[in-house]
Participant: 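Pasting in a structure now, in structure tokens, and then I'll have a few things to ask.
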Amino acid sequence: MSDVQISERSMSITERLNEPQTQAMLHRLLDHAEELDKLLQAAHELPNLVAIAVDLFDSLARQAADQGIDLEQRAADILTLVKKLTEPQNMQALSKLVDHLPKLQQAAGMADELPNLVAIAVDTFDEWAADLKKEGIELEESLRNGIHAALYLGGKIRKQELDRLGYLLQSDVLSEPSVETVSLAGSALSSCRQGSCEHPVPQRLGLFGLFKAARDPNTQRALAFAVQFSKCFGGLLEEQHPNRPVTPPSKS
């Protein structure tokens with residue numbers, strides 16, 4: 001190369017260095033000279049870092065092998081899982097799952113509170129069982145007997161009978177006044193049958209005996225109740241069954 005060509009080339013480089021954009025770029029490089037120096041030092045240390053990383057991985061691989069863990073197989077399994085996850089139908093499912101993440105977070109919060117709720121429920125149940133025990137009710141035995149009774153009745157009662165029982169429970173037969181009246185009548189029947197009534201039970205009673213008994217205040221009270229009952233019962237029969245005869249027609 002001649003001196004003239006070298007001089008022309010030097011002048012070309014000088015001209016390029018004097019260009020504004022070139023000087024601006026050189027200024028930026030000088031401003032980041034310290035960062036560039038650190039980067040170069042890191043690049044110089046990169047082979048040592050890679051060697052350390054490789055040694056660390058080899059150590060972890062040996063420890064895994066000692067524990068019976070096949071890292072290569074697990075890596076292959078992870079790759080297979082990634083392939084399955086990236087399939088279109090699975091990606092759609094994951095997208096829907098991501099849309100429901102707020103609800104899942106709420107459910108997780110409720111799950112965190114579940115032990116406290118269970119503890120409160122257990123305490124409430126214990127208090128209820130203690131109150132029943134104070135009233136003389138053994139909860140465990142009562143539950144056992146109740147289940148046994150339900151199973152026994154379930155095997156003995158037919159559906160028609162169960163329907164009748166339901167109708168009975170919905171009627172006024174088991175109301176408090178009805179039960180009290182039947183209880184009084186039962187006590188009176190039992191007293192008369194056992195001879196423990198305060199009034200002696202005659203062996204026979206004629207018409208005059210009836211007239212005499214009618215003067216007794218207790219008999220009068222019972223007769224008044226019977227008359228009042230007949231009126232109420234007749235009124236209900238008229239209201240519920242107005243066209244039904246009181247007695248069945250006689251067969252000729």
Side-chain angles (χ1 to χ4, degrees), residues 12-13 16-17 19-130 132 139-155 157-159 162-163 166:
S12 177
I13 293 175
R16 291 181 63 186
L17 290 174
E19 290 179 355
Q21 59 270 23
T22 304
Q23 292 183 2
M25 183 182 64
L26 291 174
H27 283 297
R28 288 197 299 272
L29 288 173
L30 291 174
D31 292 337
H32 295 82
E34 186 177 355
E35 287 80 0
L36 290 173
D37 183 62
K38 292 180 179 179
L39 183 60
L40 291 173
Q41 291 179 2
H44 179 70
E45 295 292 334
L46 184 60
N48 296 331
L49 296 176
V50 171
I52 294 173
V54 171
D55 293 339
L56 179 61
F57 180 79
D58 290 340
S59 177
L60 292 176
R62 285 193 299 270
Q63 293 178 5
D66 293 340
Q67 297 175 4
I69 300 174
D70 190 350
L71 291 180
E72 184 177 357
Q73 180 62 39
R74 293 199 175 187
D77 293 341
I78 292 175
L79 181 60
T80 303
L81 180 61
V82 171
K83 290 180 180 179
K84 290 183 179 180
L85 288 176
T86 53
E87 291 178 358
Q89 62 272 21
N90 294 333
M91 292 299 295
Q92 292 178 0
L94 288 174
S95 179
K96 293 181 180 179
L97 180 62
V98 171
D99 293 337
H100 291 83
L101 283 180
K103 294 182 179 179
L104 292 175
Q105 184 178 5
Q106 294 178 359
M110 294 179 63
D112 292 337
E113 293 296 329
L114 185 60
N116 296 331
L117 296 176
V118 171
I120 294 174
V122 170
D123 292 340
T124 303
F125 181 81
D126 290 340
E127 292 179 1
W128 178 58
L132 290 177
L139 183 60
E140 183 178 356
E141 183 178 357
S142 299
L143 289 175
R144 189 187 304 110
N145 293 338
I147 294 174
H148 179 76
L151 294 175
Y152 177 80
L153 292 176
I157 298 180
R158 296 177 298 177
K159 185 179 183 303
L162 191 61
D163 292 338

Participant: So which heavy atom on Leu85 is nearest to which on Met91, and how close?
Facilitator: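 Residues Leu85 and Met91, closest heavy atoms: O-SD, 3.0 Å.
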Participant: Hey, is CD on Gln21 packed in by over 12 heavy atoms from elsewhere, all under 6.0 Å?
Facilitator: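 Enclosed: over 12 neighbouring heavy atoms sit under 6.0 Å from CD of Gln21.
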Participant: How many angstroms lie between atom CG of Asp99 and atom CG of Leu104, to the nearest 0.5 angstrom?
Facilitator: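 Asp99 atom CG to Leu104 atom CG measures 11.0 Å (nearest 0.5 Å).
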Participant: Could you go through the side chain to side chain contact (heavy atoms under 4.5 Å, CB included) check for Val118 and Val122 one step at a time?
Facilitator: CA-CA 6 Å; Val118 171; Val122 170; 4.2 Å; yes
Participant: Could I get the full list of side chain to side chain donor-acceptor pair (under 3.5 Å) partners for Gln63, not counting sequence neighbours?
Facilitator: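 Side chain to side chain donor-acceptor pair (under 3.5 Å) list for Gln63, sorted by chain: empty.
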Participant: Treating Thr124 as the side-chain partner and Ile120 as the backbone partner, does any N or O pair qualify as donor plus acceptor under 3.5 Å?
Facilitator: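 Confirmed, Thr124 side chain pairs with Ile120 backbone.
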Participant: Roughly how far, to the nearest 0.5 Å, is the CG atom of Leu94 from the CD atom of Gln92?
Facilitator: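 CG of Leu94 is found 10.5 Å from CD of Gln92.
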Participant: Say you draw a straight line from NZ of Lys83 to CG of Asn90; how long is it, rounded to the nearest 0.5 Å?
Facilitator: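 Taking NZ in Lys83 and CG in Asn90, the distance rounds to 14.5 Å.
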Participant: Ion pair present between Asp163 and Lys159, side-chain N to carboxylate O less than 4.0 angstrom?
Facilitator: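 Salt bridge present between Asp163 and Lys159.
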Participant: Taking atom CD of Glu140 as the centre, report whether more than 12 heavy atoms of other residues, nucleotides or ligands fall under 6.0 Å from it.
Facilitator: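 No.
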Participant: More than 12 heavy atoms of other residues, nucleotides or ligands under 6.0 Å from CD of Glu87: yes or no?
Facilitator: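 Count over threshold, so yes.
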Participant: When you look at Asp66 and Arg62, which way does the salt bridge (Lys or Arg N to Asp or Glu O under 4.0 Å) test go after all the steps?
Facilitator: CA-CA 6 Å; Asp66 293 340; Arg62 285 193 299 270; over 6 Å; no
Participant: Can you measure from CD (Glu72) to CG (Asp77) and round to the nearest 0.5 angstrom?
Facilitator: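 Separation between the atoms: 11.0 Å.
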Participant: Take Glu141 and Arg144, measure what side chain to side chain contact (heavy atoms under 4.5 Å, CB included) needs, and give me the verdict at the end.
Facilitator: CA-CA 5 Å; Glu141 183 178 357; Arg144 189 187 304 110; 4.1 Å; yes
